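Each remark here refers to the structure printed beneath this line.
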Amino acid sequence: MDQEASFLLALNEEQLRAATHNPSSTLQILAGPGSGKTRVLTSRIAHLILNCHIPPSAICAVTFTNKAANEMRERLTKLLGKTRVSQLKMGTFHSLCARFLRKFAKLVDIPDNFTVCDAGESKKIITALLKTREKDLKARGLSLEPGQCASLISKAKSRCLSAQDYLEEAKAHMHSKTSSADIPSSLETVVGEVYVQYEATLRRNSALDFDDLLIYGVKLFSGHPLTVSWCQHILVDEFQDTNITQYELMRSIAESARCITIVGDPDQSIYGWRAAEVENLAKMRRDFPNTAQVFLEENYRSTASILDASLEIVSQDTKRINKSLYTAHPDGISPVLYQVQKEQEEAAFIAIEIKRLVAQMGGSFRWGDFAILLRYNALSRNLESALQREGIPHRILGGRRFFERLEVKDVLAYLQLVDNPAFSPAFLRVINVPGRGIGEKTLLEIQQRAEKAEKSPLQLLEGIFDMRLPDNKPSIRKKITTFVQVMRKLQKSAKEGMGPSDLISQLLDLVQYEDHLRKTQPDWETRWENVKELITFAKEVEEQNLRDAATREASADVSSLDVEMSPLRQFLQVSMLSSAGDNDTEESSQEKVTITTCHSAKGLEWPVVMIPSVDASTYPFIRSEDEDEERRLLYVACTRAKALLYLTRSTTRMVAGDQKARGLSKFIQAIMENCATQNKMPLFRQHVPHLELEDRAIICNVLQRPEPVESEVEGMVEGFRRLGREHPPQILWTPAGQPLNPVQATWPFAPSLAHAASASNPIHSLPLPTFGRPVVPHLARSSATSARSIAPCDESRSSALPSYREPTTQPLPPVTVVPASSFSSHTLRKEPSPASFQPASSRPSKPIFSSTEETSTLNMTNAARSGTRTPQSKRAFDLAVARPPVAQDRSKVFQPSGNASISRRPLTGQLPTPPLVKDNSTPKPLAAPTPPPPSTNTVAATAPQGVKRRLGMAPRAAGGYSNKKFKAPTL
DNA sequence: CCGCAGCGCGTTTTT
DNA sequence: CGCGCTGCGG
């Protein structure tokens, strides 16, 4: 092992074993959440290159998302340097296949200018195909939705079944009278026929859909072994989410070397709906009998109480193979369950709580430390409103939403057509954009004529334009003139090598796209912004390409993949295969609360995670067929949290315009009941944690951050208190069932409409001191207690601690409604609120859209609408109701020195006796109630501004926490 | 061909 | 409630 191998020293025993396992064999790394699998994967790659002397270009690393690929690339660059990393074959299955297919298109009989067809376009094609069968189906009493049909075809492709295979399978079903689980066999035949036509359509259009990229990849690699002979080792991340085709792909790439490393966790398998096969883990061991397994069971991410609760969720699955997972981290704050009556209250709770936590952590949390994880995107509505109202900067990692917007798709369609004139989905999209008086009828005629002449629609129009072909009776030549001219101009520019960003600019100019938006779209301004955003994106891609080309040149990488691609084609491919959030590594995103789905949160982590809508219709999701997968999904979401985890729900949900009652998610209900009947300490606490010095110490310890200075905490807490925010009244879970009585008190959300509207004045938000680099006396202690610095100690791992349980919880009293927190116990007044304050610059540039594509509009007005002002004192809430004697928080285990007592113990749900239990059940107000300040200026003035701090030592590098650019969030 | 009004429907997850 | 689709009139 040479001296470059210092990276291996950072690994624990198991990680090291995984990273350095015999490179010429197959290996499965089964890694629980937060067990450092990315680190192991990158270390293994570095090991292969530095110690085993495998050339980087002979290594293939596959990730599930582009984001994961980018992160891995970043980490590897630190270990290996740019040059070597650029030579790695790295990316998602889809992007890798696309790159190889461009280069070797001829070998699998496709044109090299193929267009990647997105799901929307696929669906449109299928809709059109189904339309011709509508009557036939109806006559036979059958019905087939385009979406359903598309998904069946996609699933077939995910199993590596061609249209013919599928039809045969359908036939077999018919004869044996065994119908497939999804549909009756009579429909299956229809789907098979549509599948045949769909394939033909794609080929005619020189298009591949997402699944085709994989299928043709398999064809290429298995039919032409020379195209993968470079591969000496392939590594696959998130293996539990691969489907059969991806497995075949992996196998064909590994065909000659047979050296494979995979990382996976069956507990985190959440893509079954997309035909992922957890079975692949077993299949791999059958196909490669010498496959070794390494288990990574130590969690470095979360506090013990978060891990405990998460495991309690996932282990409800009786079929699950029990796996151990432990942490050396302290218990920390137990996960919070907070239930309210209305969805708006739930959103408001989250927004207020984020602010409260920021204050209580005295600037050690920034907005980017918070994530709100949703079951589906549409749940973001209320949250956006609430966050906007509170002036909390946030971003929606809506996945690919950006590339699905009308204006973005329009522009892309033009460019697709430039690159691939045969691609009629793009033609159909833009032929009448901007309006050229070409409607359904004209279009139909064009399509029919094109079909007859065996030409693409664009070719036909060019013929008519050049008068090589006759015009139609009502002339269409006039209508299409500008269109053809535009296309020709763009094609010429593209041929001359013009980059995509300039091409877009030229296009926008030629078709007067801004005018078109202004005329047709009510929210044309944001849409125009998006178009400009696309140009920026294009520029970034261009620059990246140039950089890559430069490093490639320097390294004389012969086996490189992307050399021959035109910048336009490159850009289109990246656009189709990446989601908006992928390249979102900008610092700006660090300053924003992240809202995203549980699915796309996979592999990510945040100090604070909040999961709303933990109700019976969402977890498991009503329409989901696989309850176990839903449970795992919640598990994945919970295990994203490092220090604090919140589950919230409202007892009613708006469905179809009116409120419907909804119960607590059964996954959580079961846990609550369990704890109650077994008289166990609840795994979820039902009041918001009041963070004390020791809590901050533990949190900062887990996050490997310096602790805040107490004066800072006091200042920010006071600032928060002055905002007068209160948590909406809580509905307590009780063992007997709930809720007893709905809350009668109306709960007006603090900022009035008037304030929300006049929010242009940002003064009312407190400009709090920025956070320098404090000297942190606890730092040494923090690192001493941090998990990583504890030497692996095997006996403690296996030895079960005495299953001792302290009878802690008194049966809960029949209180159902609890007022808000007792933190802001003064009257709500004309307190200037930061309601909806958000400087234009910090507003998300990718606008907040509703879940549906294209026609969605910015929905800011709703936020303002929902608050009704009730200038009544909320004091009653604070004073009248005593804190319920909720169970003591076992997280409050600490030693007077502030040194958290840390035991390395398996998480069994049974607790060792705490040496000292601090009762947190009657939190005191942070400060005596004071009358609200008379004016905004006072607020600003009283804020402790400009407190200068000494610069201290830099935080531990391992923590990855740099407060160089860090500004304390402004409340 | 385009814009508007009315109606019915229904809210997943992603490369 | 908001979206998309349909049918009608300019």
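Below, read A as the first sequence line, B as the second, and so on, with proteins coming before strands; counting in each chain starts at 1. Bear in mind that the values here come from a model prediction, so they are computed numbers and not experimental data.
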#### Entry: Atom-pair distance (CG on A:L633; C1' on B:dT14), nearest Å
13 Å
### Message
So, under a plain 3.5 Å distance rule, would you say the side chain of A:R274 forms a donor-acceptor pair with the base of B:dT14?
### Response
yes
## Note on the structure
A:D211 CG to B:dT14 C1', in whole Å, measures 11 Å
### Task
Answer with base, sugar-phosphate or nothing: what part of the nucleic acid does A:E629 contact at a heavy-atom distance below 4.0 Å?
nothing
### Task
Give a yes/no on whether any side-chain N or O of A:S624 is located under 4.0 angstrom from OP1 or OP2 of B:dT13.
no
### Task
Using the closest heavy atom to pick a nucleotide of DNA chain B for each, name whichever of A:F621 or A:E440 lands nearer the 5' end.
A:E440
#### Entry: CG on A:D212 to OG on A:S122, rounded to 0.5 Å
8.0 Å
### Summary
A:N377 has its side chain closest, among B:dT13, B:dT15, B:dT11, to B:dT13
### Nucleotide nearest A:Y376 (side chain, heavy atoms from C-beta), chosen from B:dT12, B:dT15, B:dT14
B:dT12
### Query
Given atom CG of A:L101 and atom P of B:dT15, what is their separation to the nearest angstrom?
19 Å
### Query
For B:dT14, does OP1 or OP2 lie under 4.0 Å from any side-chain N or O of A:T597?
yes
### Query
Quick one: salt bridge (Lys or Arg N to Asp or Glu O under 4.0 Å) partners of A:D515, sequence neighbours excluded?
A:R518
### Query
In whole angstrom, what separates A:E627's CD from B:dT12's C1'?
16 Å
### Task
Remember a base hit wins even if backbone is also touched, and classify A:S95 as base, sugar-phosphate or nothing at under 4.0 Å, heavy atoms.
nothing
### Message
Within the supplied structure, the quantity of interest is the number of heavy atoms (other residues, nucleotides, ligands) at a distance under 6.0 Å from A:E145 CD; does it exceed 12?
### Response
no
### Task
Please work out if A:I438 contacts a base, only the sugar-phosphate, or nothing of the nucleic acid, heavy-atom cut-off 4.0 Å.
sugar-phosphate
### Query
Rounding to the closest angstrom, what is the interatomic distance between C:dC5 and B:dT12 at atom P?
15 Å
### Query
Has A:R623 got a side-chain N or O lying under 4.0 Å from the OP1 or OP2 atom of B:dT11?
yes
### Task
Mind calculating the distance between CG (A:D237) and C1' (B:dT15) to the nearest angstrom?
15 Å
### Task
Check every strand shown and say whether A:F64 touches a base, only sugar-phosphate, or nothing at a heavy-atom separation below 4.0 Å.
sugar-phosphate
### Task
Could you pick out which residue, A:T442 or A:H599, lies toward the 5' side of DNA chain B when each is mapped onto its nearest nucleotide?
A:T442
#### Entry: Euclidean distance, atom CD of residue A:E404 to atom C1' of B:dT14 [Å, nearest integer]
10 Å
### Summary
Testing B:dC2, B:dT15, B:dT14 for proximity to the side chain of A:N432, the answer is B:dC2
### Query
Could you state the CE-C1' distance from A:M576 to B:dT15, rounded to the nearest angstrom?
11 Å
### Query
Over how many whole Å does the gap from A:L379 atom CG to B:dT13 atom C1' extend?
12 Å
### Task
Just compare B:dT14, C:dC3, B:dT15 and give me whichever is closest to any side-chain atom of A:R381.
C:dC3
### Query
Has the side chain of A:N205 got a donor or acceptor atom that lies under 3.5 Å from a matching backbone atom of A:T201?
yes
#### Entry: From A:R449, A:R477, A:K479, residue fulfilling side chain to side chain donor-acceptor pair (under 3.5 Å) relative to A:N472
A:R449
### Task
Tell me whether A:Y271 is stacked on the nucleobase of B:dT14, counting only the six-membered base ring and applying the 5.5 Å and 30° thresholds.
no
### Message
According to salt bridge (Lys or Arg N to Asp or Glu O under 4.0 Å), who are the partners of A:E199, at least two apart in sequence or on a separate chain?
### Response
A:K157, A:R203
